[in-house]
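Take a look at the structure set out below.
Values below: every heavy atom of this structure, side chains too, minus hydrogens, waters and symmetry copies.
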Amino acid sequence: QVQLVESGGRLVQPGGSLRLSCAASGRTDGNYPMGWFRQAPEEEREFVSAITWSDGRTYYADSVQGRFTISRDVAKNTVYLQMNSLKPEDTAVYYCASDPRGNYYYPNGWNYWGQGTQVTVSS
């Protein structure tokens, strides 16, 4: 089975930067896209970004475009999310997702999920 482990979440001040990592194991093919979602308390899980594994095409939510950058290390089976110019509204648990089965922009479009890492943007 596929296992995803996120890391890097912490408290950061507004305007600061943070880099999240997601290490994948058990991906027998290793050629499927990976992505990031986030979920604030009592809110629905929302799409943040995604990247294809074969050619590195990237996709971003409007709310993070220009501030966040997704990347991948194929050899390490790891996806990263570089977050710059962080805002309080970026506060959420960030989840890594793997192996889409439908629309990238919705949680039910992905097969596997990590446990999440907390990002808090506050003074």
Pairwise salt bridge (Lys or Arg N to Asp or Glu O under 4.0 Å) hits with a residue in [range], at least two apart:
range	value
residues 96-111	R27-D99
residues 111-122	none
residues 113-123	none
residues 73-88	none

Suppose the criterion is ring-ring contact (aromatic ring centres under 6.0 Å, His included): which pairs have a residue in residues 54-75, not counting sequence neighbours?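 Residue pairs passing ring-ring contact (aromatic ring centres under 6.0 Å, His included), neighbours aside: Y59-Y104.
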For R10, all residues meeting salt bridge (Lys or Arg N to Asp or Glu O under 4.0 Å), sequence neighbours excluded: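 Per chain and number, R10 pairs via salt bridge (Lys or Arg N to Asp or Glu O under 4.0 Å) with no residue.
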D55: salt bridge (Lys or Arg N to Asp or Glu O under 4.0 Å) partners, not counting sequence neighbours: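 Partners of D55 under the salt bridge (Lys or Arg N to Asp or Glu O under 4.0 Å) test: R57.
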For W53, is there any backbone N or O sitting under 3.5 Å from a side-chain donor or acceptor partner on R72? yes
Just by distance, do the side chain of E6 and the backbone of Q115 share a donor-acceptor pair under 3.5 Å?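 Between the backbone of Q115 and the side chain of E6 there is a qualifying donor-acceptor contact (under 3.5 Å).
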Quick test of your reading: applying disulfide (SG to SG under 2.5 Å), list the pairs with at least one residue in residues 73-123, sequence neighbours left out, ordered by first then second residue. C22-C96
Is the CD atom of Q1 crowded by more than 12 outside heavy atoms at less than 6.0 Å? no
Just distance, no hydrogens or angles: give the donor-acceptor pairs under 3.5 Å from side chains in residues 33-40, sequence neighbours left out.
{"unit_1": "R38", "atom_1": "NE", "unit_2": "E46", "atom_2": "OE2", "d": "2.7"}
{"unit_1": "R38", "atom_1": "NH1", "unit_2": "D90", "atom_2": "OD1", "d": "2.9"}
{"unit_1": "R38", "atom_1": "NH1", "unit_2": "Y94", "atom_2": "OH", "d": "2.9"}
{"unit_1": "R38", "atom_1": "NH2", "unit_2": "E46", "atom_2": "OE2", "d": "3.3"}
{"unit_1": "R38", "atom_1": "NH2", "unit_2": "S63", "atom_2": "OG", "d": "3.4"}
{"unit_1": "Q39", "atom_1": "OE1", "unit_2": "R45", "atom_2": "NE", "d": "3.2"}
{"unit_1": "Q39", "atom_1": "OE1", "unit_2": "R45", "atom_2": "NH2", "d": "3.3"}
{"unit_1": "Q39", "atom_1": "NE2", "unit_2": "E43", "atom_2": "O", "d": "2.9"}

Minimum-distance pair of heavy atoms, taken over all atoms of [X] and [Y]:
X	Y	value
T78	A23	OG1-CA, 4.0 Å
V48	V64	O-CG2, 3.6 Å
P107	W113	O-CZ2, 3.2 Å
G9	T117	N-OG1, 3.0 Å

Minimum side-chain heavy-atom gap M83-L20 below 4.5 Å: yes
Residues forming a side-chain hydrogen bond (donor to acceptor under 3.5 Å, both in side chains) with S17, sequence neighbours excluded: N84
In one Ile/Leu/Val/Met/Phe/Trp/Tyr side-chain cluster, 4.5 Å: Y112, V74: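 Looking at the clustering, V74 is in the same group as Y112.
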Side-chain heavy atoms under 4.5 angstrom apart, residues restricted to Ile, Leu, Val, Met, Phe, Trp, Tyr: same cluster for L4 and V119? yes
Report the residues that fulfil ring-ring contact (aromatic ring centres under 6.0 Å, His included) with Y95, sequence neighbours left out, ordered by chain and then residue number.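 With neighbours one apart ignored, the set is empty.
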Partners of S122 by side-chain contact (heavy atoms from CB on, under 4.5 Å), sequence neighbours excluded?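 Testing S122 for side-chain contact (heavy atoms from CB on, under 4.5 Å), a comparison that skips the adjacent residues, returns L11, T120.
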